[in-house]
Amino acid sequence: MYPFRSTEAKWRKIWEDNYADATPSIVSSSDKKCYVLEMLPYPSGKIHMGHVRNYCIGDVIARYKKAQGYKVLHPMGWDAFGMPAENAALQNGAHPRDWTYSNIESMKQVLLPLGLSYDWDREIATCSDEYYGHEQRLFIEMHEKGLVYRKDSWVNWDPVDNTVLANEQVIDGKGWRSGAVVVKKQLEHWCLRITAYADELLQNLEQLKIAEERHRGYAVEGWPEKVLIMQENWIGKSEGLSVNFEICEGDFGEIVALTVFTTRPETLFGASFCAIACGHPLAERLAQTDAGVAAFIQECQRTPATEQAQSTAEKMGYRSKITVRNPINPIETIPVFVANFVLMEYGTGAIFGCPAHDERDFAFAEKYKLPIRSVIHGTSDSLPYVELDGTMVNSSFLDGMTVLDARKKASDYIESLSSGVRQTTYRLRDWSVSRQRYWGCPIPMIHCEHCGIVPVPKEDLPVKLPADVSFNEPGNPLDKHPTWKHVKCPKCGAPATRETDTLDTFFESSWYFLRNCCPHDAEPVNKEALNTWMPVDVYIGGVEHAVLHLLYARFFTMVLNDLGYINLREPFATLMTQGMVCHMSYQDENGKWLGPDEIEKDASGGYVTKDGGRPVIIGRAEKMSKSKKNLVNPEQMVETYGADALRIFIMSDTPYEKDFDWNTEALEGAWRYLNKVWRICEQLCEKYTFSSNSNDSVNVNDVSKGSLLATAHKYLQRIEISLNENAFHKAIALHRELTRELEREIDAEQGSSLSEMAEVLKIWISVLMPFAPHISMEAYHQLFKPSDLMMHLPWPVLRPELAFVERVTIAVQVNGRLRATFDADVDVDTSMLSEEAQALSGIQKFIDGKVIKNIVIVKNKLVNIVVE
RNA sequence: GCCCCUGUGGCGGAACUGGUAGACGCGAUAGACUCAAAAUCUAUUACCUUUCAGGUGUGGGAGUUCAAGUCUCCCCGGGGGUACCA
């Protein structure tokens, strides 16, 4: 039995004592680097299987790259600010700092036994004054650049706790802790001008599709398509035209025209109505004189304000008494509706409707019997026709043009009339970073009655959080602190107050990957270190960060480039989003979640509750969560089966990007496999004595075809391919096949020479090392007894001439059905294949007495004989 | 609603540019070893039949092809994102 406990402890100690995973320095330009990074965890106190999966993926890549001779940067840190620390303070009186640091410590005690190759010397906790002090300096420099500003806008406000709540903390319109009805409150807060980068954030998505080859040495997918699409939608750029429709009747004071925004100016000739939002100034004016409009607006306001209710509400409109004139087609006037589906917040709060080419407008026109006039002759006659291929019709001077040409021409025309301007709108909003919370980075600003807002002088940084705070009163402890906020104005010396808002925790995670390159530098970042290590070559994390974190981090990189700190615009060359770790969940007949320890098998093999034998409903595998009681504790698994077994298991069976179904029996299978590996090693140690410097490789000419060494190289080649495409589960499957080949040779007692066997075993053990490092190191040392202790194993050098396949199996089909196979030399002449196939006895009976119409021969693959 | 992904044995999943479907693992069945159990090893494991052989099979239906899990069209199921964005 493989003594995994002692072996794993032994190797962890060796690695630790020898700083085996210290980040190497890059000395020459020929050094290849690889920066492997996993999204930094929040120190909640528990390491769960999702973390384990995330870090195992990163570690396999880091170790593989290291073995291949890359200089690898593989750091770990803690995203340590945030609300849970304050909630803990409220619940059990622990200081957020103590709570956070003790969680970090306990999580680290679970991570260390996994044998992850982190350079712990670079560990960062974002709540350290050192880290957030640098962050404050970046904030001030952004302020100097005009990228930070104060803004008045609406926030979720809990009137009992006197605090802003995040959207996630508003449940059914009530504060999650106080239960008070959350109100919208207008508040001054700090914003980052991310919209200034909207265009670049959007445009660069294109280049993120493919990772630049120089970072990996082979072509590889950059970012997953779905993440790129999500970011694109989030930024939501639309280019169009705002057009003024002259109001034909009535006097509305300063309002003489209705301005609408459109992305389809080419369809202006198809306009048959305009619609405005209930909150539009014109609607309010109309309501004063038109009781029908007023009643309609009231009716709309009865719909609950939740997004859910609004989006499912029926689309309704009310036809006002006024009409407007379409500037492109002034001989016609069209009616104006007040409509519940037009949003005041987007565009101008007014639209024109072209029913023939927009689904919603079409439905609206049918409902209110409005004209539907097609202006695009497209590839289909059914309406609405929303495609863009086609030619313009019924559109005066646009007739005959393509849609895109007409769009340009119509826009030019409207602009020449001064009836509108081209306009680009974005869905992306500036990033509000103020939080009325204690456990965050203090915003380094001072409010002075005389000088206004004054940044804290850089030499006074960091602005440290006070340790002595009370959570007994509601509201922001910083604001309530007796002394902390009172300072002198750095400019005029008059009494002034500190900003008591702290930064959103996404701020810390927006630049930690840069700090990781130079965690001990006196400056926020060190340009040379960034030039060396950035970009992150492989970034691994959950898809839930597809938009916010990854967008903010990209934004920061661009800003830090503009501030002169770094020489690149995009921080992450490749992004890998791993799937969730799921587990079977159980419920009783009342829907109460049951843990595995609360159920048992009954006589018929079904599950019942231990308590009372009530029936148990077995749910599908769901994401592990405390509430569903389907958690599996990683610590316990390492204790029972060892780190290597857990590592190899979690990388097996399922592609990394898909959800992973936990299965403790299969983990046991991985444990059995490692025991087998160990048993084989023990046998080999008895049988062979390898000289410690048996590094001379076997001459190719001395290796016989079909020998184990040739087989090992074939597997090495396939394993490399699998690893290069991040198909870790396939690499493990191939290793198991190779193990079987090795066992077969041992059983057969046949003949690889000593040096052949040495090379075979080096391949066999070294390719296992990224997955199961402890057992691999131990096995290697037992077998080869190197004179100096090794910290890592080098990746075996593939010998393509040995990996070359000499014999292939040819499939023989008759009329496309497989009837036989035979072996042939690779690349044998096609006519030979044909003859041999027809001569096979198993084939004769299918072709005897029939006319052969055709024979399809695919070299090295198959012969298909077509008869009759 | 729209967009994206996905559908292969009891289960997780393999299958390079269309070319032997089910690698590898889990589970299951039988056997060996054992006083017995565990561990280990061997064999079988898509389905059906008249089983030294043949037929059917990759959600369903059509099509292209000598050949379709793979390509095209239609339909159905599952998952995710997003939402009146003009």
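The chains referred to below are lettered A, B, ... by the order of the sequence lines, with proteins before strands, and numbering in each begins at 1.
- The nucleotide whose nearest atom lies closest to any side-chain atom of A:Lys226 is, among B:rG55, B:rC4, B:rC85, B:rC4.
- In this structure, A:Gly669 reaches the sugar-phosphate backbone alone: every heavy-atom distance under 4.0 Å involves primed, P, OP1 or OP2 atoms, never a base.
- With a glycosidic angle more than 90° from 0, B:rG31 adopts the anti conformation.
- In terms of phosphate contacts, A:Arg819 brings no side-chain nitrogen or oxygen within less than 4.0 Å of OP1 or OP2 of B:rU20.
- In summary, the aromatic rings of A:Tyr641 and A:Phe649 are positioned with their centroids too far apart to meet the 6.0 Å limit.
- Straight-line distance between the C1' atoms of B:rG27 and B:rG78: roughly 24 Å, to the nearest whole Å.
- The side chain of A:His729 approaches B:rA14 more closely than any other nucleotide in the set B:rG54, B:rA86, B:rA14.
- Nucleotides B:rC84 and B:rG77 place their C1' atoms 28 Å apart, quoted to the nearest Å.
- In summary, of the residues considered (A:Thr821, A:Asn860, A:Asp823), a side chain to side chain donor-acceptor pair (under 3.5 Å) with A:Thr809 occurs for A:Asp823 alone.
- Here A:Lys676 lies in heavy-atom contact (under 4.0 Å) with sugar-phosphate atoms only.
- Looking at RNA chain B, the stems built from 3 or more consecutive Watson-Crick or G-U wobble pairs, each pair with its key distances under 3.5 Å, are B:1-7 with B:76-82, B:10-12 with B:24-26, B:27-32 with B:40-45, B:46-49 with B:53-56, B:59-63 with B:71-75.
- If you check every strand for non-hydrogen atoms under 4.0 Å, A:Val812 touches nothing.
- Mapped onto RNA chain B by nearest heavy atom, A:Glu359 and A:Ala350 fall at different nucleotides, with A:Glu359 at the one closer to the 5' end.
- At whole-Å resolution of the value, CD1 in A:Ile810 and P in B:rA67 are 20 Å apart.
- Using a 4.0 Å heavy-atom distance criterion, A:Asn864 is classed as a base contact.
- With no hydrogens or angles considered, a side-chain donor-acceptor pair links A:Thr259 and A:Asn244 at under 3.5 Å.
- A:Pro224 meets the side-chain contact (heavy atoms from CB on, under 4.5 Å) test with A:Val227, A:Leu575, A:Thr577; sequence neighbours excluded.
- A:Ser834 and A:Gln838 share a side-chain donor-acceptor pair at under 3.5 Å.
- A salt bridge between A:Glu720 and A:Arg718 is absent, with no side-chain N of the basic residue lying under 4.0 Å from a carboxylate O of the acidic one.
- When distances run from any side-chain atom of A:Leu343 to the nucleotides B:rA86, B:rG55, B:rU40, the shortest one goes to B:rA86.
- Take the nearest nucleotide of RNA chain B for A:Ala670 and for A:Gly816: the residue whose nucleotide is more 5' is A:Ala670.
- The nearest pair of heavy atoms linking A:Arg807 to A:Val805 is O-CG1, 3.3 Å.
- Side-chain contact between A:Met230 and A:Asn233 is absent, with no heavy atoms from C-beta onward closer than 4.5 Å.
- When distances are taken from the side chain of A:Ala733 to each of B:rA15, B:rC24, B:rU20, the shortest belongs to B:rC24.
- Note on A:Gln813: a base of the nucleic acid sits closer than 4.0 angstrom, heavy atoms only.
- Counting non-hydrogen atoms under 4.0 angstrom, A:Thr262 reaches the backbone sugars and phosphates but no base.
- If you check every strand for non-hydrogen atoms under 4.0 Å, A:Tyr426 touches nothing.
- Separating the C1' atom of B:rU56 from that of B:rU50 is a span of 16 Å, rounded to the nearest Å.
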Before giving the answer on salt bridge (Lys or Arg N to Asp or Glu O under 4.0 Å), spell out for A:Arg740 and A:Glu743 the whole-Å C-alpha distance, their side-chain angles and the decisive distance to 0.1 Å. CA-CA 5 Å; A:Arg740 189 168 299 173; A:Glu743 279 183 292; 5.4 Å; no
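- The side chain of A:Arg817 places an N or O atom within less than 4.0 Å of a non-bridging phosphate oxygen (OP1 or OP2) of B:rU56.
- Below 30°, between 30° and 60°, or above 60°: for A:Tyr2 and A:Phe4 the angle between ring planes is between 30° and 60°, a tilted geometry.
- A:Tyr368 and A:Phe337 have their aromatic ring centers within a separation under 6.0 angstrom.
- Between the side chain of A:Lys658 and the base of B:rC5, no donor-acceptor pair of N or O atoms lies under 3.5 Å.
- Contact check, A:Arg672 against B:rC26: a side-chain N or O comes under 4.0 Å of OP1 or OP2.
- Rounded to the nearest Å, the gap between the P atom of B:rC3 and that of B:rA67 is 34 Å.
- For A:Arg679, whose side chain is taken as the heavy atoms from C-beta onward, the closest listed nucleotide among B:rU40, B:rG19, B:rG12 is B:rU40.
- Within the nucleic acid shown, A:His735 has no heavy atom closer than 4.0 Å to any nucleic acid atom.
- The side chain of A:Arg427 lies closest to B:rC85, out of B:rG19, B:rG25, B:rC85.
- A:Leu228 places its CG atom 14 Å from the C1' atom of B:rG81, with the value rounded to the nearest Å.
- Side-chain atoms of A:Asp653 lie closest to B:rG12 of the nucleotides B:rG12, B:rA86, B:rU40.
- For the pair A:Asn675 CG and B:rC41 C1', the interatomic distance rounds to 15 Å; values are reported in whole Å.
- Residue A:Thr348 is out of contact with every strand shown, counting any heavy-atom pair closer than 4.0 Å.
- Using a 4.0 Å heavy-atom distance criterion, A:Val866 is classed as a sugar-phosphate-only contact.
- Between the P atoms of B:rC26 and B:rA43, the separation comes to 15 Å (whole Å).
- Rounded to whole Å, the P atom of B:rU70 lies 34 Å from the corresponding atom of B:rA28.
- Distances from the side chain of A:Met230 to the nucleotides B:rG81, B:rG13, B:rC26 place B:rG81 closest.
- Remark: the separation of the P atoms in B:rC73 and B:rU20 is 25 Å, to the nearest Å.
- B:rG57 and B:rA46 have their C1' atoms separated by 8 Å, with the value rounded to a whole Å.
- Using a 4.0 Å heavy-atom cutoff across all strands shown, A:Arg740 reaches sugar-phosphate atoms only and no base atom.
- Residue A:Arg360 places a side-chain atom within donor-acceptor reach of the base of B:rA86, judged by atom type and a 3.5 Å distance cut-off alone.
- Of all nucleotides listed (B:rG27, B:rG19, B:rA86), B:rG19 comes nearest to the side chain of A:Val856.
- Closest to the side chain of A:Lys730, out of B:rU40, B:rA14, B:rG13, is B:rA14.
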